[in-house]
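These values consider heavy atoms only, across backbone and side chains, with no hydrogens, waters or symmetry-generated copies.
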Amino acid sequence: MKHLIDLRSDTVTLPPEAMRRAMHEAALGDDVYGEDPTVNALQEKAAAMLGKQAGLLVTSGTQGNLVSLLSQAARGDQVLIGRQSHIFKYEAGAASVLGGLCLEPLTNEEDGAFRAEDIEAAINPPNVHFAPTRLLAIENTHNLAGGAPIDATTTMRMAKAARAHGLKVHLDGARLFNASVALGVDAAALAEPVDSVSVCLSKGLACPVGSVVVGDADFID
Ligand SMILES: Cc1ncc(COP(=O)(O)O)c(C=O)c1O
């Protein structure tokens, strides 16, 4: 039993002794006043690693995705999302329930990416009958595509198709650092063409809880 490796999910990982010690000994401060040095250091480190201005510690990947969508799209706006994405399938429709967002599912390719033509075809023209399309959400690695990593060129192609129509782009990067290792590229290069990224700490990294959202300073505010 000592050598049993549980491969059901990377979420089963538990904090090792050194992490438990670091938690116990962490310097604390008031987070409302931005005075928690440990949280500040974590947020700054995550932002730097992903090439963004600022970061925000949240409780989970689901919360990270939710605050990212709700900050960048308003009630009645349309969000383009993978039919096989975690946000669409496994987050209880929260963006619609809590934010009034209209989720428009797109077909995922084998690696979880979208064809630029499919993104463009799903964008509503400005017309009073249609929900205004504001945001594209992508996922890397893509969980239901067997954990496939999506490379920087493909990410750029999807983001360009969205940006050409004034859309923002959110990346559910729950396992973005896995993609970075698999592709041998910096995580910042995979995050470069998007506005917001959510990364999970509670999966391969073995933290008991937590995710970090990064983006520009206005978005994080
Ligand atoms: C791709 C992806 N995004 C988001 C999440 C949600 O993370 P959490 O369970 O921390 O809410 C998961 C969880 O497994 C995931 O696989």
Asker: I'd like to check L205 versus F177 (side-chain heavy atoms, cut-off strictly below 4.5 Å). Are they in contact?
Answerer: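 Contact flag for L205/F177 side chains = no.
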Asker: List the steps, then state whether side chain to side chain contact (heavy atoms under 4.5 Å, CB included) holds for E104 with V79.
Answerer: CA-CA 6 Å; E104 175 70 17; V79 175; over 6 Å; no
Asker: For L101 versus R75, what's the shortest heavy-atom pair and its separation?
Answerer: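 Between these two residues, the closest heavy atoms are CD2-N, 4.3 Å.
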Asker: Where do K168 and S196 land on the side chain to side chain contact (heavy atoms under 4.5 Å, CB included) test, with the steps shown first?
Answerer: CA-CA 8 Å; K168 299 264 189 190; S196 57; over 6 Å; no
Asker: Which heavy-atom pair separates D77 from A131 by the least distance, and what is that distance?
Answerer: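 In this case the closest contact between D77 and A131 is C-CB, 4.5 Å.
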Asker: Just verifying a value: how many Å separate T62 OG1 and L66 CG, rounded to the nearest 0.5 Å?
Answerer: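 Output value for this atom pair is 8.5 Å.
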Asker: Any salt bridge between R157 and D151, counting N to O under 4.0 Å?
Answerer: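 D151 and R157: not salt-bridged.
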Asker: Do D172 and I138 have side chains that get closer than 4.5 Å, going by heavy atoms?
Answerer: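 D172 vs I138: side chains apart.
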Asker: Less than 4.0 Å between a side-chain N and a carboxylate O, is that true for R175 and D10?
Answerer: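 Yes.
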Asker: For G64, is there any backbone N or O sitting under 3.5 Å from a side-chain donor or acceptor partner on S68?
Answerer: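 Answer holds: yes.
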Asker: Side-chain contact, heavy-atom cut-off 4.5 Å: H142 with D111?
Answerer: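 No - every pair of side-chain heavy atoms lies 4.5 Å or more apart.
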Asker: Does the Q43 side chain pair with the main chain of A47, one donor and one acceptor, at a distance under 3.5 Å?
Answerer: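 Not a single qualifying donor-acceptor pair exists.
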Asker: Measure the CZ-CE distance between R163 and M158 for me, rounded to the nearest 0.5 Å.
Answerer: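 R163 CZ to M158 CE: 12.5 Å, rounded to 0.5 Å.
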Asker: Are more than 12 heavy atoms, taken from residues, nucleotides or ligands other than E117, located less than 6.0 Å from that residue's CD atom?
Answerer: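 Result for CD/E117: enclosed.
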Asker: Looking at A137 and I87, what are the two nearest heavy atoms and their distance?
Answerer: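 Here A137 and I87 meet closest at CB-CD1, 4.3 Å.
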Asker: With a 4.5 Å cut-off on side-chain heavy-atom distances among I, L, V, M, F, W and Y, is there a chain of contacts connecting M49 to L42?
Answerer: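 Hydrophobic grouping puts M49 with L42.
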Asker: Distance from N40 atom CG to D31 atom CG, nearest 0.5 Å?
Answerer: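 So the CG of N40 and the CG of D31 are separated by 9.0 Å.
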Asker: Which pair of non-hydrogen atoms, one from S85 and one from G82, has the smallest distance, and what is that distance?
Answerer: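 Looking at all heavy atoms of both residues, the closest pair is OG-O, 2.7 Å.
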Asker: Looking only at heavy atoms, what is the nearest atom pair of P149 and T141, with distance?
Answerer: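 In terms of heavy atoms, the two residues are closest at CA-CG2, 4.1 Å.
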Asker: Is a donor on one side and an acceptor on the other found under 3.5 Å between the side chain of S211 and the backbone of S198?
Answerer: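 Absent.
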Asker: Find out whether L167 and L80 are in side-chain contact, i.e. whether some heavy atom of one side chain is under 4.5 Å from a heavy atom of the other.
Answerer: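 The answer is yes, as the side chains (C-beta and beyond) meet within the 4.5 Å cut-off.
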Asker: Taking the side chain as every heavy atom from C-beta outward, state whether D216 and K52 have any atom pair closer than 4.5 Å.
Answerer: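 No - every pair of side-chain heavy atoms lies 4.5 Å or more apart.
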Asker: Return the CD to CG distance between Q53 and D218, rounded to the nearest 0.5 Å.
Answerer: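 Between atom CD of Q53 and atom CG of D218 there are 8.0 Å.
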Asker: Without swapping roles, check the side chain of S9 against the backbone of V12 for a donor-acceptor pair under 3.5 Å.
Answerer: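 Checked: no pair found.
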Asker: Answer whether the closest heavy-atom distance between the side chains of R134 and Q72 falls below 4.5 Å.
Answerer: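 When only atoms from C-beta onward are counted, Q72 and R134 do not touch, as no gap falls below 4.5 Å.
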Asker: Assigning hydrophobic clusters by single linkage (Ile, Leu, Val, Met, Phe, Trp, Tyr; side-chain heavy-atom cutoff under 4.5 Å), is L176 placed with L57?
Answerer: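 In one cluster: yes.
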Asker: Under a 3.5 Å cutoff, is there a donor and acceptor pairing between the side chains of N65 and H170?
Answerer: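 On atom types as modelled, these side chains qualify, holding a pair under 3.5 Å.
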Asker: For a quick test of reading the model, state the closest non-hydrogen atom pair linking T107 to F114 and the distance between them.
Answerer: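 T107 and F114 have their closest heavy atoms at O-CD2, 3.4 Å.
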Asker: Working note: R83 + L106, criterion side chain to side chain contact (heavy atoms under 4.5 Å, CB included); need CA distance, chi angles, decisive distance, verdict.
Answerer: CA-CA 5 Å; R83 192 179 296 284; L106 302 183; over 6 Å; no
Asker: With side chain to side chain contact (heavy atoms under 4.5 Å, CB included) as the test, would you mind laying out the steps for L183 and L190 before giving the verdict?
Answerer: CA-CA 10 Å; L183 298 166; L190 299 171; 3.9 Å; yes
Asker: For the CG atom of L136 and the CD1 atom of I123, what is their distance to the nearest 0.5 Å?
Answerer: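 Rounded to the nearest 0.5 Å, the CG-CD1 separation comes out at 8.0 Å.
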Asker: Do the side chains of L69 and L135 get nearer than 4.5 Å, heavy atoms only?
Answerer: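 The answer is yes; the side chains approach within 4.5 Å.
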Asker: Atom CG of L171 and atom CD of E192: how far apart are they, to the nearest 0.5 Å?
Answerer: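 The distance works out to 12.5 Å.
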Asker: Hey, are the side chains of T133 and H165 touching, using non-hydrogen atoms and a 4.5 Å cut-off?
Answerer: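 Side-chain contact under 4.5 Å: no.
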Asker: Is there a donor-acceptor pair closer than 3.5 Å between any side-chain N or O of T38 and the backbone N or O of A27?
Answerer: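 Looks like yes, one N/O pair under 3.5 Å.
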